[in-house]
Novice: 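Sending over a structure as structure tokens; questions will come in a sec.
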Amino acid sequence: MTLKVYNTLKREKETFVPLKAGKVGMYVCGPTTYDFIHLGNARPLVVFDTVRRYLEYSGYEVDYIQNFTDIDDKIINRANEVGEDPIQLAARFVEEYFQDAKALNVRPATIHPKVSTHMGDIIAMIRKLEEKGHAYEMEGDVYFSIPSFKDYGKLSGRSQEDMQAGARVEVDERKRHAMDFALWKKVKPGEPSWDSPWGKGRPGWHIECSAMSQKYLGDSFDIHGGGQDLIFPHHENEIAQSEACTGNAPMARYWLHNGFITVNQEKMSKSLGNFFTLRQILKKFSGDVVRFYLLSTHYRSPLDFDDTKLEAAQKGLQRLRTGRRLLEEALKDAARQSGNRRPAAQREKLADQWTKTKHDFCEAMDDDFNTALALSLLFDLARETNAFLHGGEGLGAEDLELLRHVAETFDQLAGVMGIELAETAEAADDSLVDGLMDLLISLRGEARKKKDWATADKIRDGLKELAIIIEDTPQGARWKKG
RNA sequence: GGCGGCAUCGCCAAGUGGUAAGGCAAAGGUCUGCAAAACCUUUAUUCCCCGGUUCGAAUCCGGGUGCCGCCUCCA
């Protein structure tokens, strides 16, 4: 099977072929750390973390680089507002970022480079651009010269003429071309600054990604990811800087861009004021519900946000978890393992579904990471597994072996999506709670034997208040955290 | 004005030429003391509209309508 990815550069799906066999170099634009991330920021984190997991599942060794923009106008402005040192403020939100990422089960990148610790690399690249005639200095500022790079516009599909006509920003008169952009900004009073050949100053926004991706992944690498709004100007400018600097093209072979989160069909953004921070959302829903919700739509489609969507995601995820739990109980319940194996037809039906699931899952993910389809396959497998368990009492050795395979597949495939279905060890390992629950359940069992429904229901309702659900089964009552 | 995307059941959503996945919600049934969970059954002759190509289109082409995004910091 071959992986196909939609490449923004070509505007079509292409077969993915890495530069080096068995290895993938991947760069994803990370956040500017001046505040908590919002849900819109969370989407690329989850999407590209899933891309990474699937590449690894497919056997690739992945070098995953995600930067932090820790020097920037927004950071300086925020720092001035709250009276905090900008470098310190940025560092603080880097820490907060890692907490959010962990809640979403987003693994740390191989390397998380920061602008503030790569000044030498950035300055060296600007100098090289200057030497090659792609950059010019004006009174301490350095600009990239658009006309010096003939491919400018190839990612976003604009011609240089289009852009000149469409330029609405106030044009700095000193620039040679309206669209020339800053590589280095001369220091202003009260701003953090670094020494450079052009005097004190700080880097422009785009140069960091060119310098840092080159440092860690080389002149040319496999995948560059980010949100659709970065296509222009950010990624267009990265291409100009990197390819002008090295003379090699392409900077990245595959450009992947995720769609936006919208609220009432409008883009969620800070300027519209319609954003929700991840922290706000995590007060009502767990990180894996948010992750499940984000992956339930293809990554390039827009995704509309509201609570009802997350509630639906929560219930769907719960259904998968229940299926996984019933499976675990069957595997552990010695009483059911009576040796009366199921009819072969029943077993074959489940075995077929199991085989089909593994195959179709890869096919779905190979088709430009179709996580929505991939997740639906887990539902199909869950239904078939539940039906199998529902279809009789005893389980023979062959049945158990099959169920163990199914359980393993559930965990593996859900793991590719970054979702834990099996109860985690830490959640299961609470002997005090277990002991108390055993006691309550046995008391309730005695009440039920005496048909004392009032007492039995009081215990069940009381526990429900504490978010513990009691379910009666022919094998006795069981409980779970709601 | 330039460039791009989207329109599929009440809601979400997959499906790029072969006769509409999946989830949530809803209805009926099995199980249950009642529940819960699970299972079974039902719920789009139809994919924004109008033409066209084709043996055959949600899927391709043309036109229209509506919505959204980028072109300025933004994931």
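Residue numbering restarts at 1 for every chain, and letters A, B, ... go by the order of the sequence lines. FYI, side chains are in, hydrogens and waters are out, and symmetry mates aren't considered; it's all heavy atoms of this structure.
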Novice: Rounding to an integer number of angstrom, what distance separates rG22(B) and rA14(B) when you compare their P atoms?
Specialist: 15 Å
Novice: Send over the distance from Gln353(A) CD to rG22(B) P, rounded to a whole Å.
Specialist: 11 Å
Novice: By the 4.0 Å heavy-atom rule, please label Ile261(A) as base, sugar-phosphate, or nothing.
Specialist: base
Novice: Students often mix this up, so state it plainly: with edges at 30° and 60°, are the rings of His224(A) and His235(A) parallel, tilted or perpendicular?
Specialist: perpendicular
Novice: Under 3.5 Å, which donor-acceptor pairs link side chains of residues 459-470 of chain A to any protein atom two or more places apart or in another chain?
Specialist:
none

Novice: Nearest whole angstrom, please: distance from the P of rG2(B) to the CE of Met179(A).
Specialist: 18 Å
Novice: With nearest nucleotide decided by heavy atoms, which residue, Gln265(A) or Asn386(A), maps closer to the 5′ end of RNA chain B?
Specialist: Asn386(A)
Novice: Base, sugar-phosphate alone, or nothing: which one does Thr297(A) contact when heavy atoms must sit under 4.0 Å apart?
Specialist: sugar-phosphate
Novice: Say you pick atom C1' in rG29(B) and the same atom in rU43(B); how far apart are they, in whole Å?
Specialist: 16 Å
Novice: Can you give me every donor-acceptor pair (side chain of residues 372-383 of chain A, partner residue at least two apart or in another chain, under 3.5 Å) with its distance?
Specialist:
residue   : atom : partner   : partner atom : Å
Ser376(A) : OG   : Leu373(A) : O            : 2.7
Asp380(A) : OD1  : Arg383(A) : NH2          : 3.0

Novice: Nearest whole angstrom, please: distance from the P of rA14(B) to the CG of Asp366(A).
Specialist: 18 Å
Novice: Roughly how many Å apart are rC9(B) and rG69(B), using the P atom of each and rounding to a whole number?
Specialist: 22 Å
Novice: Which part of the nucleic acid does Lys267(A) contact within heavy-atom distance under 4.0 Å: base, sugar-phosphate only, or nothing?
Specialist: base
Novice: What's the gap between rC12(B) and rG1(B) when it is taken at their C1' atoms, as a whole Å value?
Specialist: 36 Å
Novice: How many Å lie between NE2 on His257(A) and P on rC70(B), as a whole number?
Specialist: 14 Å
Novice: Would you kindly give the CD-to-C1' distance between Glu12(A) and rU16(B), to the nearest whole Å?
Specialist: 14 Å
Novice: Could you tell me if the ring centre of Phe68(A) sits under 6.0 Å from that of Phe98(A)?
Specialist: yes
Novice: So, using salt bridge (charged side-chain N to carboxylate O under 4.0 Å, His left out) as the criterion, who are the partners of Glu328(A) when residues are at least two apart?
Specialist: Arg324(A), Lys332(A)
Novice: Taking the same atom, C1', in rU59(B) and in rC47(B), what whole-Å distance lies between them?
Specialist: 10 Å
Novice: His298(A) side chain: which of rC70(B), rC11(B), rA14(B) is closest?
Specialist: rA14(B)
Novice: Quote, to the nearest angstrom, the C1' distance that separates rA7(B) from rU46(B).
Specialist: 15 Å
Novice: Using whole Å, what does the distance between atom P of nucleotide rA75(B) and atom CG of Asn67(A) come to?
Specialist: 11 Å
Novice: Flag the pair Tyr152(A) / Arg158(A) as yes when at least one side-chain heavy-atom distance between them is below 4.5 Å, and no otherwise.
Specialist: no
Novice: Looking only at atom C1', what distance separates rU54(B) and rC60(B), rounded to whole Å?
Specialist: 10 Å
Novice: Take the protein atom CG of Leu303(A) and the nucleotide atom C1' of rA75(B), then report the distance between them rounded to whole Å.
Specialist: 13 Å
Novice: Would you sketch RNA chain B in dot-bracket for me? Only Watson-Crick or G-U wobble pairs with both distances under 3.5 Å count, crossing pairs as [ ], other-strand pairs as |, the rest as dots.
Specialist: ((((((((.[[[..)..(...]]].(((((.......))))).....[[[[[..)....]]]]])))))))....
Novice: Base, sugar-phosphate, or nothing for Gly40(A), non-hydrogen atoms under 4.0 angstrom?
Specialist: base
Novice: Among the nucleotides rA75(B), rC11(B), rC40(B), which one has an atom lying closest to any side-chain atom of Arg383(A)?
Specialist: rC40(B)
Novice: Between Tyr6(A) and Phe369(A), is any pair of side-chain heavy atoms under 4.5 Å apart?
Specialist: no
Novice: Could you work out, with salt bridge (charged side-chain N to carboxylate O under 4.0 Å, His left out) as the rule, every residue matching Lys185(A), not counting sequence neighbours?
Specialist: Asp73(A)
Novice: Check the interface with nucleotides 4-9 of chain B: list each N/O to N/O pair with the protein under 3.5 Å, or write none.
Specialist:
none

Novice: Could you run through nucleotides 24-37 of chain B and give me one letter per nucleotide, 5' to 3': B if any protein heavy atom sits under 4.0 Å from the base, S if only the sugar-phosphate is that close, - if neither?
Specialist: SS-------BBBBS
Novice: So Gly259(A), base contact, sugar-phosphate only, or nothing? Heavy-atom distance under 4.0 Å.
Specialist: base
Novice: Take Leu377(A) and Leu230(A), find for each the nucleotide of RNA chain B with the closest heavy atom, and name the residue whose nucleotide sits nearer the 5' end.
Specialist: Leu377(A)
Novice: Which pairs pass salt bridge (charged side-chain N to carboxylate O under 4.0 Å, His left out) with one or both residues in residues 254-264 of chain A, sequence neighbours excluded?
Specialist: none
Novice: Can you name the residues that form a salt bridge (charged side-chain N to carboxylate O under 4.0 Å, His left out) with Asp438(A), not counting sequence neighbours?
Specialist: none
Novice: Between Tyr143(A) and His177(A), does the ring centre distance come in under 6.0 Å?
Specialist: no
Novice: Calculate the interatomic distance between Gln228(A) atom CD and rC71(B) atom C1'; express it in whole Å.
Specialist: 14 Å
Novice: Report the residues that fulfil side-chain hydrogen bond (donor to acceptor under 3.5 Å, both in side chains) with His206(A), sequence neighbours left out, ordered by chain and then residue number.
Specialist: His234(A), Asn237(A)
Novice: Please table the atom pairs, donor to acceptor, closer than 3.5 Å between any side-chain atom in residues 311-321 of chain A and protein atoms at least two apart or in another chain.
Specialist:
residue   : atom : partner   : partner atom : Å
Arg321(A) : NE   : Glu420(A) : O            : 3.0
Arg321(A) : NH2  : Asp288(A) : OD2          : 2.7
Arg321(A) : NH2  : Glu420(A) : O            : 2.7

Novice: Would you measure the distance from the C1' atom in rA21(B) across to the matching atom in rU8(B) and give it in whole Å?
Specialist: 12 Å
Novice: Under the salt bridge (charged side-chain N to carboxylate O under 4.0 Å, His left out) test, which residues partner Glu14(A), sequence neighbours left out?
Specialist: Lys10(A)
